[in-house]
Structure formats: structure tokens, C-alpha cells
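Order of listing sets the numbers, starting from 1, for every ligand and every atom in it. Hydrogens, waters and symmetry mates play no part in the numbers below; they use all other heavy atoms, side chains included. Keep in mind that what you see is a predicted model, and the values were worked out from it rather than measured.
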Amino acid sequence: MPDKKVLNIVGARPQIIKASAINRVLRRDYTEQVQEIILHTGQHYDRTLSDVFFEELEIPKPDYNLGVGSARHGKQTASMISGIEEVILKEQPDAVIIYGDTNSTLAAGVAASKLKVPVAHVEAGLRSYRKEMPEEINRVLSDHVSTLLFAPTDTALKNLIKEGIRPDAGPPFTIDNPKIFLSGDIMYDNSLFYGELADRKINGFLDAINTRPEKYMLATIHRQKNTDDIERLNTILKTLIELSVQNDTRLVLPLHPRTVHALEKENPALLLKLTKTDSVRLLPPVSYLEMILLEKNAAIICTDSGGVQKEAHFFRRPCLVLRAETEWTELVKNGTAVLVDADSDKIREGFLKMIKSNDLSYPGFYGNGKAAEFMVEELMAL
Ligand code: UD1
Ligand code: UDP
């Protein structure tokens, strides 16, 4: 009988992908010692945002799915807290693992900490210093109820120290004596593990979508700021379409349902244009392996996603960040990512500069590819 029980909590697409790295290590090395319970809040429920990742990444089906679905932030987070609390009371885990900065992260952090169950936060310490961004509130609050804080980068570690978390804490670690680790990034682990697999397993995917390597820009857009403000969304999409037509560079656009819904409601003509323009390939959200293949072969990547910015770096592609700031500041300092906001001049200028540059370098900011192993070892020692 395993002597530890951990509750692995996911809800949104990137969390499922992140959790796969921990699940892989637990199944490979710790089945005797640890019982893993997987809880899905149901924040993402479309097949293309959820089930597809469980299947492709071979993550066991969640033991619990709370099925909370979409709602306003307060209502959604409240039903998650209530559901997670029930599961924690029933399962009595020794620790709860949370990922990133979504409403599911916050809900799990609140529920577990109030029940005095230690929280391990994967991707701790990221900051945009913009509380208008819902994720910023989720990150700050989640970090401050955590016992183990796994900072992926040096900047993240320093951010936590600035907020008063002591870098020299010794065991026993508790919510009042938390421990920060510079752990590396679990998504880097995944990019190494799945990068090669993508080439082998689905190498026909680019042909299937009629797209040639290096001849396209890959774009994703889903942030609240870029979807709820239709002017920003219009500017971004119109500029990307223009660039694709003028530069004979296909625009490949796997679009989050949130963005599709915003266009359906506010600008159906632009949505139609995306489907009718020859140089644009509009897609539903793609699987992780498909996304990796798209990233690896893109001439340039334009995104407001946190994960995709880093993957551009992992796969050595230049990146335009469709935001005014980023949590992954090392990418901008390094010159491989450029902040272009939703500003058509900046997007154009960034595109023309970055697509031509061949002197970019991609240093290893994100650890040694064994972040998940490290995190599980520290969890075992808790
Ligand atoms: C959420 C996270 C964001 C993360 C993103 C990853 C929060 C506050 N935001 O944003 O940090 O980067 O996930 O993708 O937690 N919808 C569907 N089908 C689904 C899920 C959502 O159509 O399966 C649509 C609904 O219209 C919903 C909207 O997307 O209202 C927004 O979904 P929500 O989960 O609130 O936020 P995301 O934008 O997905
Ligand atoms: N991703 C995917 N399919 C897509 C778009 C993204 O598999 O159509 C992956 C991407 O490779 C990355 C993660 O989803 O690993 C990023 O998630 P998202 O952009 O939704 O959220 P964020 O990282 O901004 O929180």
C-alpha cells in the first residue's frame, strides 16, 4: 500500500499538459510509494481542450471531474472550491499539486490550504505586475497559500523573494514556512519528451493541412484582454492577415473557442474572412503533438499564450508576443521574443525584422529537462 497520496489538480488545457510530466514520473518511478488521484475541475470541457490531451499524452482518466464548465470568474471559482473541498475531505491527500495561474489553480489553492493540506505550486513566482489580468491575481494568491513553490526561472524565484518568501527556509516546510525551489520548467521536460515523438508520429500533419515547413506563421490568441476587447482582436487579426498576404506567408491559426465566440458575436464578417482568405488556414484547437509540429516548422510564432512563447524558444523560433508585457521576461531580454501588443505598427515591424533575422540565439533558461523528477523528489520529502 503506497504511503503517500497526492491530489493532482487540473482544469484548463495547459494544466493537463503540465500534469502529464508529473504523472509520467509518478507512474514510472513511484507507483509503490505514491497513490496519485487526478481531479479535473471541468473548466475546459470541449474535447479539443481536454480529452484529446488525456488520450494523446496517455494520462489516466481523472478520478474526479467536477464538471464546473464556463461561468463568470466568481461563480466558476466558487463551484470549483466547493467541489475540490469535498474531494479533499473524502480522499485526505498528503499534498495537492497545482499548476500555473488559472481559476482552477486558485480554487485548488484556497480549498486545500483551508483544509491544512500542503500545496505544491508548479510554475510559482511568475508575475506580469498587471492585476487587470485575472491570471495575475490567481498567481499571487496561489503562491501565498503554497508550501512548496517550484519557480521555473531565476526571475520567478526573485519575484517570490521580493514578496517576502524567505529563500533560506529550512525544513519542516509549512504554509507559514514555505520553500522556494529553482526547479526548471516542466514544459521544457515535455518539449524534450514529445518533441521527437511529434516528428515520428504525425509527420503527415503539415501536408494534411496543406502547409509547407518554414512558409507560415503560427498564431494563437485567447487572452481575456485580446478577446473581450474586439478592437484589439480586430487589429491583431487584420494585421496578421495583411502580413500573410503581402509576404506570401501562410497564417496558421488554431483558434481557442473563446476567440471564435468573440468573433461570432462582435465581428462575424472577420471570422468569415478568416475562412475565405487563401493565405489563412483557420483550425480548431489542435492536439499537443500537432501543436509541437506546427511550432517546430513555423517561420515565426505570434501569440498571447504563456506556454506557446516558451515553446517558440524551446524549438528555436522567433516569437511576437501579442501583449504589452510578459511573465517570461528573459525571452524579451534575449531578443527572441518581441512585445508587439495589439499595435499594428509594432506587429508589422516585429514580423519583418524577426522573420529575416538569422542571428538569434536560444540559451537554456528553463532547466535541464528533469524538472518533474526534481519536483516529485521534493514532494516525497515533504
Ligand atoms: C483559461 C485561463 C487562462 C489560460 C487558458 C488556457 C482563467 C481565468 N483563464 O482561459 O489563464 O491561459 O485557460 O487555454 O482561468 N470555452 C469553450 N469550451 C471550453 C472552455 C471554454 O467554448 O471547453 C469558452 C467559453 O465561451 C468560455 C470561454 O471559452 O466562457 C473562456 O473559458 P475560461 O475557462 O473561462 O477561460 P480561458 O479563456 O479558456
Ligand atoms: N496548445 C495545443 N493546441 C493548441 C494551442 C495550444 O496543444 O491549439 C498547447 C501549447 O502547445 C502549450 C499549451 O497548449 O503547451 C498552452 O496553452 P494555452 O495557450 O491555452 O494557455 P497558456 O499557456 O497561455 O496558459
**Ion pair check, Glu325 and Arg323, cut-off under 4.0 Å** = yes
**For Arg258, atoms of ligand 1 separated by under 4.0 Å from a heavy atom** = 28 (C), 29 (O), 31 (C), 36 (O), 37 (P), 38 (O)
**Prompt:** Listed by chain and number, what are the side chain to side chain contact (heavy atoms under 4.5 Å, CB included) partners of Leu339, not counting sequence neighbours?
**Reply:** Val321, Thr326, Val332
**N or O pair under 3.5 Å between Ser305 and ligand 2** = yes
**Request:** For ligand 2, find out whether one of its N or O atoms is nearer than 3.5 Å to an N or O atom of Pro285.
**Result:** no
**Message:** Heavy atoms only, cut-off 4.0 Å: how does Ala12 contact ligand 2, side chain, backbone, both, or neither?
**Reply:** neither
**Complete:** Per-atom filter on ligand 2: closer than 4.0 angstrom to a heavy atom of Met187 are 15 (O)
**Request:** Compute the shortest N/O to N/O distance between Met291 and ligand 2 and return yes if it is under 3.5 Å, no if not.
**Result:** no
**Item:** Gln224 and ligand 1 - part of the residue with a heavy-atom distance under 4.0 Å
**Value:** neither
**Message:** Can you confirm if the aromatic rings of His261 and His256 lie within a centre distance of less than 6.0 Å?
**Reply:** no
**Prompt:** Nearest 0.5 Å, what's the CZ-CD distance between Phe365 and Glu330?
**Reply:** 6.0 Å
**Message:** Which of the numbered atoms in ligand 2 are under 4.0 angstrom from any heavy atom belonging to Pro254?
**Reply:** 8 (O)
**Asked** Is the cationic atom of Arg24 (NZ for Lys, CZ for Arg) positioned less than 6.0 Å from the six-membered ring centroid of Phe193 and within 45 degrees of its normal?
**Response** yes
**Fill in**
Looking only at non-hydrogen atoms, the one of Glu135, Glu327, Glu311 nearest atom 15 (O) of ligand 2 is Glu311
**Request:** Looking only at protein heavy atoms, identify the closest one to atom 16 (N) of ligand 1 and say how far it is in Å.
**Result:** Tyr45 OH, 3.6 Å
**Message:** Taking only non-hydrogen atoms of His256, do any sit less than 4.0 angstrom from ligand 1?
**Reply:** yes
**Fill in**
Short version for His261: what comes under 4.0 Å of ligand 1, heavy atoms counted, is side chain
**Request:** Determine whether the side chain, the backbone, both or neither of Glu135 has a heavy atom under 4.0 Å from any heavy atom of ligand 1.
**Result:** side chain
**Complete:** atom 21 (O) of ligand 2: closest protein heavy atom, distance to 0.1 Å, is Pro14 CG, 3.5 Å
**Fill in**
of all protein heavy atoms, closest to atom 35 (O) of ligand 1 is Gln76 NE2, 4.0 Å
**Asked** Any chance the rings of Tyr99 and His121 have centres within less than 6.0 Å?
**Response** no
**Request:** Indicate yes or no: at least one non-hydrogen side-chain atom of Ser361 is less than 4.5 angstrom from one of Asn334.
**Result:** yes
**Message:** Test of understanding: given a 4.0 Å heavy-atom threshold, classify the contact between Ser50 and ligand 1 as side chain, backbone, both, or neither.
**Reply:** neither
**Item:** For ligand 2, the portion of Ile17 having any non-hydrogen atom under 4.0 Å away
**Value:** side chain
**Asked** Is there any N or O on Pro284 that sits under 3.5 Å from an N or O of ligand 2?
**Response** no
**Nearest neighbour of atom 24 (O) of ligand 2 from the list Arg223, Glu56, Arg13, on a heavy-atom basis** = Arg223
**Prompt:** Under 4.0 Å between a Lys/Arg side-chain N and an Asp/Glu carboxylate O for Glu163 and Arg127?
**Reply:** yes
**Message:** Less than 4.0 angstrom from a charged side-chain N to a carboxylate O is my criterion; do Arg139 and Glu136 meet it?
**Reply:** yes
**Atom indices of ligand 1 within 4.0 angstrom of Leu49 heavy atoms, with elements** = 19 (C), 20 (C), 23 (O)
**Message:** Looking at ligand 2, would Gly100 count as a contact under a 4.0 Å heavy-atom criterion?
**Reply:** no
**Message:** If we set the cut-off at 4.0 Å for heavy atoms, which region of His222 has an atom near ligand 2: side chain, backbone, both, or neither?
**Reply:** side chain
**Request:** Take every heavy atom of Glu295, measure it against each atom of ligand 2, and state whether any distance is under 4.0 Å.
**Result:** yes
**Request:** Just do the ring-ring contact (aromatic ring centres under 6.0 Å, His included) check on Phe150 and Phe181 with the steps written out, would you?
**Result:** CA-CA 5 Å; Phe150 294 116; Phe181 300 96; 5.4 Å; yes
**Prompt:** Is any side-chain N of the basic residue among Glu349 and Lys353 closer than 4.0 Å to the acidic one's carboxylate O?
**Reply:** no
